[in-house]
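Atom set for the values below is all heavy atoms of this structure, side chains included, hydrogens, waters and symmetry mates excluded. Naming: A, B, ... by sequence-line order, numbering from 1 per chain.
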There are 2 protein chains.
Amino acid sequence: MKIGELAKAARCTTETVRFYEKEGLLPEAHRTASNYRDYGAAHVERLRFIRNCRALGMAHEEIRALLILMDAPQQGCGAVNTLLDEHIGHVDARIEELTQLRAQLAAIRAQCQTEHQVSACGILHGLAAMETEEKPPRHSHLG
Amino acid sequence: MKIGELAKAARCTTETVRFYEKEGLLPEAHRTASNYRDYGAAHVERLRFIRNCRALGMAHEEIRALLILMDAPQQGCGAVNTLLDEHIGHVDARIEELTQLRAQLAAIRAQCQTEHQVSACGILHGLAAMETEEKPPRHSHLG
DNA sequence: AAACACCCTGAAGCAACTACAAGGTCAAGT
DNA sequence: ACTTGACCTTGTAGTTGCTTCAGGGTGTTT
């Protein structure tokens with residue numbers, strides 16, 4: 001099958017397929033006489049796997065690690081479990097960060113209930129007066 | 001004050017300060033005879049405001065809009081309130097997305113409780129079998 | 001005069017794509 | 001035979017919010 005068909009089968013774009021190939025996530029395809037990429041069922045499976053992992057918020061690094069583990073089918077799957085647990089940890093950490101942010105934003109928002117002059121706006125004063133924090137180190141690759 | 005002092009006052013790096021200047025978020029500084037940037041109290045205030053907004057997850061676009069509003073102090077602050085409400089909406093949307101992701105991940109994780117062969121791992125099978133979804137349009141700039 | 005901390009500019013790198021630009025291929029219709 | 005249109009090819013640049021680096025200048029101290 002051609003790249004467009006593969007892309008449709010995994011519900012992504014041809015550009016994304018080519019990008020994954022360049023990244024080494026998707027193995028290179030055979031080429032037809034006219035230099036078109038030519039894919040088989042294994043490519044569809046692999047690409048769908050990658051897209052599913054991405055939909056779950058995994059980074060390319062994590063997916064790459066999973067793919068390598070998958071390519072040694074008779075090995076133990078402890079590393080797979082670990083990797084997933086760590087990823088769940090990233091998601092939890094990010095939810096926690098955003099929840100705290102949400103509370104801070106609500107507090108600032110509460111400082112202005114009615115429309116008045118900008119110079120007297122509680123929100124702007126709140127934003128200016130906040131304790132400026134150093135950027136904490138990232139807990140996850142999730143933005 | 002020199003750029004390093006300004007950066008310290010707002011707890012960021014000199015590179016970040018120069019970057020904000022290039023972006024137009026921070027006005028350009030006067031220069032000394034030796035071409036060093038020379039900042040005053042107004043710059044400290046502005047930079048701290050920017051860093052506080054960033055710490056609350058706002059995008060540069062949002063901050064830029066706030067700064068413009070702030071520069072017209074006798075105008076009404078309705079737009080400020082709206083902007084903040086929208087930003088809170090972004091955060092809520094992202095928390096919701098991540099919470100759903102979290103549930104999906106937990107479901108997949110539950111498919112493998114004990115270590116066994118990769119080829120029989122419920123997690124990998126779950127990841128392969130998932131309904132591949134099209135990437136939904138972004139609800140927010142928060143990753 | 002040398003050492004060291006600080007400043008300058010400009011370019012490149014990160015993640016995970018997306019969006020061109022400029023061209024080649026192929027099947028269908030006239 | 002020719003054209004249209006949909007598809008394919010490569011390569012490069014843009015997105016966001018910085019960080020890092022290279023290669024150099026300045027200023028104070030010893």
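- Contact detail for A:Tyr39 and A:Ala29: the closest heavy-atom pair is CE2-CB, 3.3 Å.
- Going from atom CG of A:Leu6 over to atom P of D:dT9 covers 11 Å, rounded to whole Å.
- Taking 4.0 angstrom as the limit, A:Arg37 places none of its side-chain polar atoms (N or O) nearer than this to OP1 or OP2 of D:dC8.
- In this structure, CG of A:Leu47 is placed 16 Å from P of C:dA16, rounded to the nearest angstrom.
- When all heavy atoms of A:Leu6 and A:Leu26 are compared, the closest pair comes out as CD2-CD2, 4.3 Å.
- A donor N or O paired with an acceptor N or O is found under 3.5 Å between the base of D:dG25 and the side-chain atoms of B:Tyr36.
- In this structure, the CD1 atom of B:Ile3 is 19 Å from the P atom of C:dA5, given to the nearest Å.
- If you take NE2 of B:His141 and C1' of C:dA15, they are 18 Å apart, rounded to a whole angstrom.
- Ion pair A:Arg54/A:Glu62 not flagged as a salt bridge, since none of the NZ, NE, NH1 or NH2 atoms sits closer than 4.0 Å to an Asp/Glu carboxylate oxygen.
- One interatomic measurement links the two molecules: CD1 of A:Ile50 to C1' of C:dA16, which rounds to 13 Å at whole-angstrom precision.
- Here C:dC6 presents its P atom at 10 Å from CD of B:Glu5, a figure rounded to the nearest Å.
- Only B:Thr14, B:Arg18, B:Arg31, B:Asn35, listed by number, bring a heavy atom of residues 9-35 of chain B to less than 4.0 angstrom from any atom of DNA chain C.
- For the pair A:Arg51 and B:Glu133, the salt-bridge criterion is not met [side-chain N within less than 4.0 Å of a carboxylate O].
- Ion pairing between B:Glu61 and B:Arg64 holds under the 4.0 Å rule for side-chain N and carboxylate O.
- Residues of residues 51-71 of chain B having a heavy atom closer than 4.0 Å to DNA chain C: none are found.
- The two residues B:Asp38 and B:Met1 come nearest to each other via the heavy atoms OD1-N, 3.1 Å.
- For the residue pair A:Glu96 / A:Gln100, a side-chain donor-acceptor distance below 3.5 Å is found, with atom types taken as modelled.
- At a threshold of 4.0 Å, the pair B:Glu5-B:Lys2 does not count as salt-bridged, since none of the basic side-chain nitrogens sits closer than that to a carboxylate oxygen.
- Nearest heavy-atom pair across A:Gly57 and A:His87 is O-CE1, 3.1 Å.
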